[in-house]
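Here is the naming used below: chain letters follow the sequence lines, and residue numbers restart at 1 for every chain. No hydrogens, no waters, no symmetry mates; every other heavy atom, side chains included, goes into these values.
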2 protein chains.
Amino acid sequence: MAKHVEPLPVAVLSRSERKQHTRERLREAALDLLSRGQSFPGLSLREVTREAGVVPTAFYRHFRDLDELGLSLVEEAGLVLRRLLREARQAGLPTEDIIRSSVRIYSAYVRAHPRQFRLAASERAGGSPLLRQAIRSEVAHFVREMAQDLRLLGFRADLPTADLELICSLVVNTMLGAAGEILDLPEGQGQAARELEERFVGQLRLIFLGAERWRATSASGP
Amino acid sequence: MAKHVEPLPVAVLSRSERKQHTRERLREAALDLLSRGQSFPGLSLREVTREAGVVPTAFYRHFRDLDELGLSLVEEAGLVLRRLLREARQAGLPTEDIIRSSVRIYSAYVRAHPRQFRLAASERAGGSPLLRQAIRSEVAHFVREMAQDLRLLGFRADLPTADLELICSLVVNTMLGAAGEILDLPEGQGQAARELEERFVGQLRLIFLGAERWRATSASGP
DNA sequence: GTTTTAAGTAAACATTTGTTCACTCAAAGC
DNA sequence: GCTTTGAGTGAACAAATGTTTACTTAAAAC
């Protein structure tokens, strides 16, 4: 008749700390379910609370409904994305083959944050209209930052910002598409992973090849 | 006390015709729900049968479960996609600005088959693993056909097929992404639609600019 | 030390879900 | 014409869903 295993030394936590902790558990639970093949509109509130080890009604102490939880997850995914950019910025430009090494780094980063990338990649087009819109807005934000970075790097300094953003938007679309496929690889498929990476490298190369020859659109003049 | 409105002159149909007809109603119902904001994993069997005007149990006379229905929808979407290619082939090359006019045609085609394109665009990354895989396979098929078409048109005749497919895969990714956004436009937003189209045209231009300069990968030699 | 507050619990609810079973009844097969 | 077949019905089920309502109980406020 073991009643209840005390999950953690709980007494040391303040009330608000405890609250934030279960809130986190709920978010984690949803993320786990999502990366276990579920998709967001297929989630149920009770499922999430069950996974979090919490009674269903406790959910309402933290979120109005599942959509609100989802939005907070999207926000976090946006942070993860932008952190990627920041790290890439600090790493500076590698010497040799910049695209290939970027893809390697990106690939590792995706695998290090599978749940956020799966969320971003798979609910970007599917899912509830609310989440979709939120993700689009995060992606747009990311694209703007990336374009700004290209500008700081002096890449195609002659182009107007809108053109740089057009290029970056293409890159990001390709990146997120690749993320979805990377995460679908049945782990340990080294060969398939390498082919995928090869294609990804090729596509980015193609894009930048186009970007180098790109001539400014007429949008900059009256 | 109106019992039941006789929906159609039913007596003239043979048994198998009637069966195929309700099967079609079920598929139509699912497509309608999907393009009304629902996503596939959020669909319920009863919901579909309700929309189709049929009792829930009738569903099992046509499909084992929702996944089977979904697969048949994906198959149809694949047909629609490939029909697009065939029509483009017959239309031949327009004289002036080939990319812009292609985008116009594509855009109209997407709006003419919104449900199939929404399915393809939104369940390609999200949704159930089964549907996702099926859609990926349809898309791959489409990419191969498109590459073959480029070959027949004499575009970059020097490149190996794998490279043409790499290019086409990039194009198709961009196309499907654009389809998702086109369908999300709150109808009547002419300005937004034009901006979207402009970006779409730009990205394709960029891709083909890169494709023209592309140099064959080393994969062709031993 | 007493009172207040609020995170989490427990029970109960009205719906909705997927699936079963036995049934009708009209077309198809003979 | 009689029999067989099978698409669609209707009732019933166990299970799961979202949400409300009243409750415990320990930290926070005084």
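The stretch residues 37-45 of chain A comes close to DNA chain D through A:Ser44, A:Leu45, each having a heavy atom under 4.0 Å from the strand. Contacts between residues 53-63 of chain B and DNA chain C, counted as heavy-atom distances below 4.0 Å, involve B:Thr57, B:Tyr60. In the region residues 65-76 of chain B, proximity to DNA chain C at under 4.0 angstrom, judged on heavy atoms, holds for none of the residues.
Heavy-atom neighbours of B:Glu76 CD from other residues, nucleotides or ligands within 6.0 Å: above the threshold of 12. Within 6.0 Å of atom CD in A:Gln133, 12 or fewer heavy atoms from other residues, nucleotides or ligands are found, so the atom counts as exposed in its surroundings. Around the CZ atom of A:Arg64, the shell of radius 6.0 Å holds no more than 12 heavy atoms that belong to other residues, nucleotides or ligands.
Comparing B:Arg46 and A:Glu47 by the nucleotide of DNA chain D that holds the closest heavy atom to each, the one mapping nearer the 5' end is B:Arg46.
Remark: B:Glu145 does not engage B:Arg86 in a salt bridge, criterion side-chain N to carboxylate O under 4.0 Å. Salt bridge annotation for B:Glu47-B:Arg50: absent, with no cationic side-chain nitrogen under 4.0 angstrom from a carboxylate oxygen.
A:Asp65 contributes a side-chain N or O that, together with a main-chain N or O of A:Glu68, makes up a donor-acceptor pair within less than 3.5 Å. Formation of a donor-acceptor pair under 3.5 Å by the A:Glu123 side chain with backbone atoms of A:Phe40 is found in this model.
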Within the sub-3.5 Å range, which N or O atoms of nucleotides 28-30 of chain C have a protein N or O partner, and how far apart are they?
| from | atom 1 | to | atom 2 | distance (Å) |
| --- | --- | --- | --- | --- |
| C:dA28 | OP1 | B:Arg15 | N | 3.4 |

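The distance from atom CD of B:Glu17 to atom P of C:dA26 is 18 Å, rounded to the nearest whole Å. Rounding to whole angstrom units, NZ of residue B:Lys19 and C1' of D:dG6 are separated by 8 Å. When rounded to the nearest whole Å, the span between CD of A:Glu51 and P of D:dA16 equals 16 Å.
Annotation: the span from B:Leu206 atom CG to A:Ile207 atom CD1 amounts to 7.0 Å, rounded to 0.5 Å.
The nearest pair of heavy atoms linking B:Leu66 to B:Leu45 is CD1-N, 3.6 Å. Heavy atoms only, all atoms of each residue included: B:Ser35 and B:Arg115 are closest at OG-CG, 3.3 Å. Here the closest non-hydrogen pair linking B:Arg132 and B:Ala125 is CD-O, 3.2 Å.
At least one side-chain nitrogen or oxygen of A:Arg50 sits closer than 4.0 Å to the OP1 or OP2 atom of D:dT17.
The side chain of A:Arg18 approaches C:dG8 more closely than any other nucleotide in the set C:dG8, D:dG18, C:dG18.
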Using residues 169-180 of chain B as the side-chain source, report each donor-acceptor pair under 3.5 Å to any protein atom, sequence neighbours left out, with the distance given to one decimal.
| from | atom 1 | to | atom 2 | distance (Å) |
| --- | --- | --- | --- | --- |
| B:Ser169 | OG | A:Gln203 | NE2 | 2.8 |
| B:Asn173 | OD1 | B:Arg124 | NH1 | 2.8 |
| B:Thr174 | OG1 | B:Leu170 | O | 2.8 |

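At a threshold of 4.0 angstrom between heavy atoms, the contacts of A:Arg64 with the nucleic acid are absent.
Partners of B:Arg82 by side chain to side chain donor-acceptor pair (under 3.5 Å), not counting sequence neighbours, listed by chain and number: B:Glu138.
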